[in-house]
Number of protein chains: 2
Amino acid sequence: MQVRQRLENLSSELTATERKLCTALLLDYPYAGLDTIQDLANKTGTSPPSISRFVTKLGFQGYQDFQRHLIDEIRQANRSPLDLHVGDRPIQGDFLEDFVSRAVNLISASASAITSAQFERVCDLLGDEKRNIYLIGGRISDAIALYVSRHLRQVRSGVFHLPADPEIWPEYMLRMRSKDVLFMVDYRRYQRNLAELARRAKAQSGVQIVVLTDKWMSPAANHANEVFATPIESGTVWDSYSGAMVLMEAMLTRIAETNWDKTRKRIEAWDSLRFDHGARDDDQ
Amino acid sequence: MQVRQRLENLSSELTATERKLCTALLLDYPYAGLDTIQDLANKTGTSPPSISRFVTKLGFQGYQDFQRHLIDEIRQANRSPLDLHVGDRPIQGDFLEDFVSRAVNLISASASAITSAQFERVCDLLGDEKRNIYLIGGRISDAIALYVSRHLRQVRSGVFHLPADPEIWPEYMLRMRSKDVLFMVDYRRYQRNLAELARRAKAQSGVQIVVLTDKWMSPAANHANEVFATPIESGTVWDSYSGAMVLMEAMLTRIAETNWDKTRKRIEAWDSLRFDHGARDDDQ
DNA sequence: TTGACTATGAAAAAATAATATCAAAGCTAG
DNA sequence: CTAGCTTTGATATTATTTTTTCATAGTCAA
């Protein structure tokens with residue numbers, strides 16, 4: 001229940017001091033309640049014990065519990081209309097349109113959770129030809145890792161996508177050097193063996209680790225040098241990876257553009273070597 | 001100055017732990033910073049001293065001073081409609097920001113290129129348990145196909161992801177029945193052998209074919225019953241598949257929600273059968 | 001006016017939170 | 001690989017905040 005509402009419900013049975021508090025709280029709601037109990041007492045000309053008793057009377061565990069509730073309320077209130085719409089109920093109206101607007105939200109949020117400096121650092125790491133790049137993802141998120149590795153392979157050499165089977169990982173681990181990069185995608189539900197891989201790879205070779213994960217932070221992130229965290233809650237039955245996808249595309253584009261000359265030559269050479277059963281050449 | 005901006009400014013000279021904190025703060029900005037120092041340390045897998053040092057480095061007197069600032073920011077943001085999301089990020093020349101806005105355009109365009117009737121038809125096809133589903137994609141776009149098949153497999157049985165090697169395709173073709181569905185993802189540069197696969201599968205078994213492609217229309221689309229065409233030109237060196245990705249997520253969500261009861265049971269059963277080296281069970 | 005009760009805040013105590021210290025681990029340049 | 005530097009978190013300390021205790025002041029009915 002809203003703090004505001006609790007105040008109203010109880011307003012008939014408040015003492016003089018409590019009414020003073022109530023007024024002060026409502027006058028600058030909800031920020032007044034975020035002061036320390038001492039400050040609030042000074043401002044309202046009351047005392048800490050009175051406030052403490054008051055919030056207990058409102059039904060909270062204590063002053064800190066009360067503050068936690070206020071913060072949650074602010075949080076709720078600040079969610080954009082789209083966000084609000086999200087948690088609530090199943091999508092109605094035009095499904096696709098609605099879904100897209102949620103995805104767009106998620107994507108913007110993903111981008112704003114990452115500083116441009118961090119973005120550049122990771123791009124530099126993955127674009128550096130002197131480093132080998134090893135990639136792997138979880139059961140579902142491996143699709144993202146695959147997408148990244150396929151593109152990266154067009155840009156540079158030394159890109160290795162680890163197979164899903166842990167039995168084979170040691171073969172790759174033995175080749176990792178401390179300058180190399182292990183790029184992991186791990187969204188909930190996190191896979192234990194990925195965290196284990198991160199730990200051991202780090203311990204053994206000191207490899208640089210970059211983790212793409214969600215806000216709960218994959219256990220693998222503990223061993224990481226860089227963490228990209230993106231939101232994934234779309235308010236539907238599945239988590240949405242579109243934020244991650246766009247971020248990865250941005251990254252790949254950045255890497256390719258940085259060394260465009262080299263990349264172009266590489267793609268041309270690649271194309272000339274493709275087997276005939278591959279692409280046709282008259283596309284475009 | 002906004003806390004957010006201070007983070008941006010300093011992000012080039014942060015240590016690993018500090019970057020972790022920075023990530024966590026930005027991901028749930030500004031609320032993450034309102035926790036107690038101890039809680040925040042637990043959530044981020046760091047320690048209170050590191051956080052204390054970090055906020056000092058950001059230029060605050062200490063953690064409490066830092067929190068005061070955050071609260072002030074929230075307050076400000078709520079007063080002026082021009083809230084912090086707009087005002088404080090230096091948009092100019094920010095690569096990521098720019099990329100995201102293009103991607104968003106692309107995604108909206110992708111959605112509006114598809115009628116809801118068609119969308120529903122395809123969802124029904126792929127959701128129909130009486131049909132087997134075969135999926136395959138091109139060199140890069142197979143990541144999308146993989147993503148779809150992994151999800152679909154959580155919802156229903158009879159989902160088969162064809163391997164990249166054409167030698168093995170006949171094995172699958174022999175099993176295709178006319179009610180089954182062959183789902184192909186083929187973006188330029190189109191692969192001849194995919195078109196060939198479509199042609200022969202159609203001829204041999206009369207299988208239903210759904211193709212996800214771009215506006216130039218993969219040659220495989222000639223044999224298709226349904227074509228999803230999404231724009232992919234992002235104005236950068238790579239094509240962007242984010243439109244396709246969001247569309248696929250929308251589709252998967254639609255399918256899962258349509259038979260949610262069955263899906264839920266299936267996922268539960270699946271989870272109970274997972275091997276221990278997979279996910280941990282305590283993830284939230 | 002008195003007595004029984006409630007409300008209140010000063011002060012002390014307790015709980016909680018934040019910072020300083022320091023040893024160990026990690027990293028980097030040679 | 002090592003020496004020297006930086007980073008880090010466990011522990012101890014300190015500071016801050018909140019709650020408890022308790023004495024006093026206020027209220028009201030008889």
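Below, read A as the first sequence line, B as the second, and so on, with proteins coming before strands; counting in each chain starts at 1.
The distance between atom CD of B:Q61 and atom P of D:dT14, rounded to the nearest whole Å, is 21 Å. Atom NZ in A:K202 sits about 10 Å away from atom P in C:dG26, given to the nearest Å. Protein atom CZ of A:F66 is 19 Å distant from nucleotide atom P of C:dT16, rounded to whole Å. For A:F54 and C:dT8, the CZ to P distance is 11 Å, given to the nearest whole Å. The distance from atom CD of B:Q38 to atom C1' of C:dA17 is 9 Å, rounded to the nearest whole Å. If you measure from atom CG of A:D65 to atom C1' of C:dT16, you get 15 Å, rounded to the nearest angstrom. Look at CG on B:D39: it is 18 Å from P on C:dA15, rounded to the nearest Å. Summarising the geometry, the separation between CG on A:N222 and P on D:dT8 is reported as 13 Å, rounded to the nearest angstrom.
When each of C:dA17, D:dT20, D:dT17 is scored by its nearest atom to the side-chain atoms of A:P49, the top-ranked nucleotide is D:dT20. Checking D:dG9, C:dT8, C:dA18 against every side-chain atom of B:I37, the shortest atom distance belongs to C:dA18. When distances run from any side-chain atom of A:Q64 to the nucleotides D:dA10, D:dT18, C:dG9, the shortest one goes to D:dT18. Checked against C:dA7, C:dT19, D:dT18, the side chain of B:Y63 finds its nearest nucleotide in C:dT19.
DNA chain C is contacted by both B:S52 and A:G206; B:S52 maps to the nucleotide lying nearer its 5′ end (nearest heavy atom per residue). Each of A:P48 and B:D35 lies near DNA chain C, and the nucleotide nearest A:P48 is the one positioned closer to the 5' end.
Contact annotation: B:T15 reaches the phosphate of D:dT8 (side-chain N/O to OP1 or OP2, under 4.0 Å). OP1 or OP2 of C:dG9 sits under 4.0 Å from a side-chain N or O of A:S50. Phosphate contact (OP1/OP2 of C:dA10, side-chain N/O of A:S47, threshold under 4.0 Å): absent.
When all heavy atoms are compared, the tightest approach of A:T36 to B:R68 is CG2-NH2, 3.9 Å. The two residues A:S116 and B:D94 have their closest heavy-atom pair at CB-OD2, 3.6 Å.
For the side-chain contact (heavy atoms from CB on, under 4.5 Å) with A:L135, the qualifying choice from A:V181, A:V148, A:L182 is A:V148, the only one to do so.
Residue B:A16 is classed as a sugar-phosphate contact, given heavy-atom separations below 4.0 Å to backbone atoms only.
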Stepwise side chain to side chain contact (heavy atoms under 4.5 Å, CB included) test for B:Y31 and B:I74: CA-CA 9 Å; B:Y31 307 104; B:I74 297 173; 4.0 Å; yes

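Note: A:F66 and A:Y63 have tilted aromatic rings, judged against thresholds of 30 and 60 degrees for the angle between ring planes.
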